Each structure stands twice: as C-alpha cells, then as structure tokens.
Protein chains: 2
Amino acid sequence: MDEQPRISDAEWEIMKVIWAKSPATAADVIHALRDNKTWKDNTIKTLLSRLLQKGVLTYEQVNRVYYYSPALTEEECKRQERQSFLQRVYGGALKPMLVHFLKEEKLSSQEIDELKKILSEKEK
Amino acid sequence: MDEQPRISDAEWEIMKVIWAKSPATAADVIHALRDNKTWKDNTIKTLLSRLLQKGVLTYEQVNRVYYYSPALTEEECKRQERQSFLQRVYGGALKPMLVHFLKEEKLSSQEIDELKKILSEKEK
DNA sequence: CTCCCTCGATTACATTTGTAGTCGTTGATT
DNA sequence: AATCAACGACTACAAATGTAATCGAGGGAG
C-alpha cells in the first residue's frame, strides 16, 4: 500500500484523457483537450512530466516520442479521491453525504431504480 | 452569486470547529483540535487569519479577543465541495459516483432504508 | 508603576500548483 | 549538407498551502 500521490485538478484533466485512450502521446492529449481547455501545449507537457515524476504515469519511448500509459488505475485514483472528499468535507460520514447528493441532484427514474436495486442487494 | 472562495484541507478542519461551536475564539479552536491535530497554536491562528481574508469567517472583537463566526454556511461550502469533487473526478456524472460509493462503503440496514425512501420520494 | 503574558498582525519559508517559455537534440525537408 | 520543426528537459515565476516564528501593544500580576 504505497502512498497514493496527490493528483491536482489540472492533472485530473490529463489523466482522464490517458485513461480513455492510452497509450497516448503528448500530441494526442493536446489534441483531445484542444476544445475544452485553453491550455498552451507546453502546459500540457508540463503536466505530463509531473505525472511521470509522481508515478501516476509511465511511458514507452518509440522514436523520440513518449507513449504515456497510466501507472495507476482510474478506479484506484477515484477511490482515493472519494475517500479524501468524504473525509475532508463530511468527516467520513457516508450517509449524510449521500443524502445531500440525492436531495440536490437530478436523477432519471431509471437511475433511481438502479440505485434502489443496489441498495436492496446490500441489505442482505 | 459571488465566487465561493476555495477552502483548503487544513482550513476545513478549522471551519468544522467554527460551524460546530461559533462564536469561537482562537483558543477555543486550538482546544477543540488539540487531540486530533499536531498543529502548533500559531498554525491554527494563521489559518483563522486566512479564513478571515478569504471572507469565510467574520469576527467580533471583545476585549482584545476575536470571536469568530462563519460568514458562509456549512451547507453552502459543502455544496461547493460536492460540485467540485463531482466535476473533477467524475466529470459531473452523478450516478456512477453514487454507485461507487454505495458499492464500496458500509451502510446499516436502517441507513439503507432511509436512502431508499429518499429515492422513492424523488421518483414522482 | 513595571514586567510579563497573551492576542492578533506580520513575516518566513518550503512545497505544490497553474501556467508557460527556452534549450538542446534529432529526425525530416529541401 | 544545411535547415527546420517537433520532442522532451529544464527553467521561470506567481499564487496557494502547510507550517510556523517573531513582533508590537495592551491588560493583569505584583
């Protein structure tokens, strides 16, 4: 159980791209983010380097070019973030947090049914 | 709709105390955190000052001493954090996030029933 | 009246983060 | 062969954050 490195907001944007389409080059990531983000190319390259240093990414080099892949799974990282959010904001109290989300956000009937089913399965 | 200031991890610890027992003096906060945290008194005072600057706290002075109170409600701040977490980690996708929490964490039967009830009420 | 203690204010400083520019190298272009 | 474009490495720099020490003023102890 190594300490999970902390992934910053900007770095999450990068990681989402990598998880979706790894292995990816810097150019791939830049391309994928061109529409949503106003980052300069170098900004994205800096973020990729930092993610390498942190051990969140790995790479394989082919002719001058790095092909980046995740070193940690999306699920591990998401779990880490869930825990830290739950702890920081709710002191770890799960139910109140869920209640807030459920009461405040919109869900389709179908989604509601799915959630109810999951709850029912837990209940045994 | 002013921009909500961002509350850092350490600042959340302070705010939880203030929301729980405002108005509170620096000494009160220090006392409340003495067991859980290893912070020096000055660290806590620095955090209080920063929260004042950010407009998350207000104070009332009585004989040299500040009595701090929240300038923002706990609910506002929690909502802000929920949104930012949901966006950063799940790109705003509520249901998958809820599913992860529900599947991973423990809930008592009673809590499960309460959640199901809330879901049922939404369904109309 | 003097000294000390305490309070908030101010200063300190390393690390992380956001956001980018510059540099040296190498493969491609003319 | 000379040039250039693109890549990753390295450098830059301000703001935020974690974590604290020091300072000046005023109130209480003696």
Side-chain angles (χ1 to χ4, degrees), chain A residues 3-18 23-34 36-69 77 80-81 84-85 87-89, chain B residues 3-18 23-34 36-69 77 80-81 84-85 87-89:
Chain A
E3 272 310 304
Q4 294 260 115
R6 179 172 277 246
I7 297 171
S8 77
D9 291 16
E11 288 164 355
W12 266 94
E13 295 300 315
I14 307 294
M15 288 309 296
K16 284 184 199 164
V17 174
I18 303 279
T25 65
D28 291 340
V29 177
I30 288 165
H31 190 76
L33 293 174
R34 195 165 291 297
N36 324 28
K37 286 294 179 175
T38 60
W39 290 332
K40 294 286 157 61
D41 294 6
N42 277 335
T43 299
I44 292 174
K45 292 184 184 183
T46 297
L47 293 169
L48 286 168
S49 297
R50 287 183 184 167
L51 287 163
L52 275 184
Q53 285 175 210
K54 290 186 180 185
V56 184
L57 288 181
T58 56
Y59 69 96
E60 198 185 335
Q61 189 170 0
V62 180
N63 303 328
R64 293 299 96 214
V65 177
Y66 283 12
Y67 286 80
Y68 297 94
S69 295
C77 293
Q80 168 70 27
E81 287 293 327
S84 107
F85 160 72
Q87 195 57 48
R88 179 166 36 95
V89 178
Chain B
E3 272 311 306
Q4 294 259 118
R6 178 175 278 248
I7 297 172
S8 77
D9 292 15
E11 288 164 355
W12 266 93
E13 297 298 315
I14 307 294
M15 289 308 298
K16 284 183 201 163
V17 175
I18 303 279
T25 65
D28 292 340
V29 177
I30 288 165
H31 190 77
L33 293 175
R34 195 166 288 295
N36 326 26
K37 285 293 178 177
T38 62
W39 289 332
K40 294 282 155 61
D41 294 5
N42 279 333
T43 299
I44 292 173
K45 292 183 183 181
T46 298
L47 292 170
L48 286 167
S49 297
R50 286 184 184 164
L51 287 163
L52 275 183
Q53 285 175 209
K54 290 186 180 186
V56 184
L57 288 181
T58 55
Y59 70 95
E60 197 185 334
Q61 188 169 1
V62 180
N63 304 328
R64 292 300 95 213
V65 176
Y66 284 11
Y67 287 81
Y68 297 94
S69 295
C77 293
Q80 169 72 26
E81 286 292 326
S84 107
F85 159 73
Q87 195 58 48
R88 178 164 38 92
V89 178

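Since the model is a prediction, treat every value here as computed from it, not as a measurement.
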Could you state the atom-to-atom distance from [atom1] of [X] to [atom2] of [N] in whole Å?
{"X": "B/Asp41", "N": "C/dC5", "atom1": "CG", "atom2": "C1'", "value": "14 Å"}
{"X": "A/Ile44", "N": "D/dC7", "atom1": "CD1", "atom2": "C1'", "value": "15 Å"}
{"X": "B/Lys37", "N": "D/dA20", "atom1": "NZ", "atom2": "P", "value": "11 Å"}
{"X": "A/Gln53", "N": "D/dA9", "atom1": "CD", "atom2": "C1'", "value": "10 Å"}
{"X": "B/Glu13", "N": "D/dT17", "atom1": "CD", "atom2": "P", "value": "15 Å"}
{"X": "A/Leu48", "N": "C/dT19", "atom1": "CG", "atom2": "P", "value": "15 Å"}

- Query: Taking only residues two or more places apart in sequence, or in another chain, which ones meet B/Asp41 in a salt bridge (Lys or Arg N to Asp or Glu O under 4.0 Å)?
  - Reply: B/Arg34
Please report the interatomic distance [atom1]([X]) to [atom2]([Y]), rounded to the nearest 0.5 Å.
{"X": "A/Phe85", "Y": "B/Phe85", "atom1": "CZ", "atom2": "CZ", "result": "5.5 Å"}
{"X": "B/Leu48", "Y": "B/Ile30", "atom1": "CG", "atom2": "CD1", "result": "7.5 Å"}
{"X": "A/Asp28", "Y": "A/Tyr68", "atom1": "CG", "atom2": "OH", "result": "11.0 Å"}

- Task: Can you establish whether the number of heavy atoms outside A/Gln61 located under 6.0 Å from its atom CD is more than 12?
- Result: yes
- Message: Is there a side chain to side chain contact (heavy atoms under 4.5 Å, CB included) between B/Ile14 and B/Trp39? Walk through the geometry before answering.
- Response: CA-CA 11 Å; B/Ile14 307 294; B/Trp39 289 332; 4.0 Å; yes
- Message: Tell me the bend of the helix from C/dC1-D/dG30 to C/dT30-D/dA1 as the angle between end helix axes, each from five pairs, rounded to the nearest 10 degrees.
- Response: 20°
- Task: Summarise how protein sits on nucleotides 6-18 of chain C as a single string, 5' to 3': B when a protein heavy atom is under 4.0 Å from the base, S for sugar-phosphate-only contact, - for no contact.
- Result: -SBS--B----BB
- Determine the sole option in B/Arg50, B/Arg6, B/Lys16, B/Lys54 for which the salt bridge (charged side-chain N to carboxylate O under 4.0 Å, His left out) test with B/Glu11 is passed. B/Lys54
- Ion pair A/Arg88/B/Glu81, N-O distance below 4.0 Å: yes
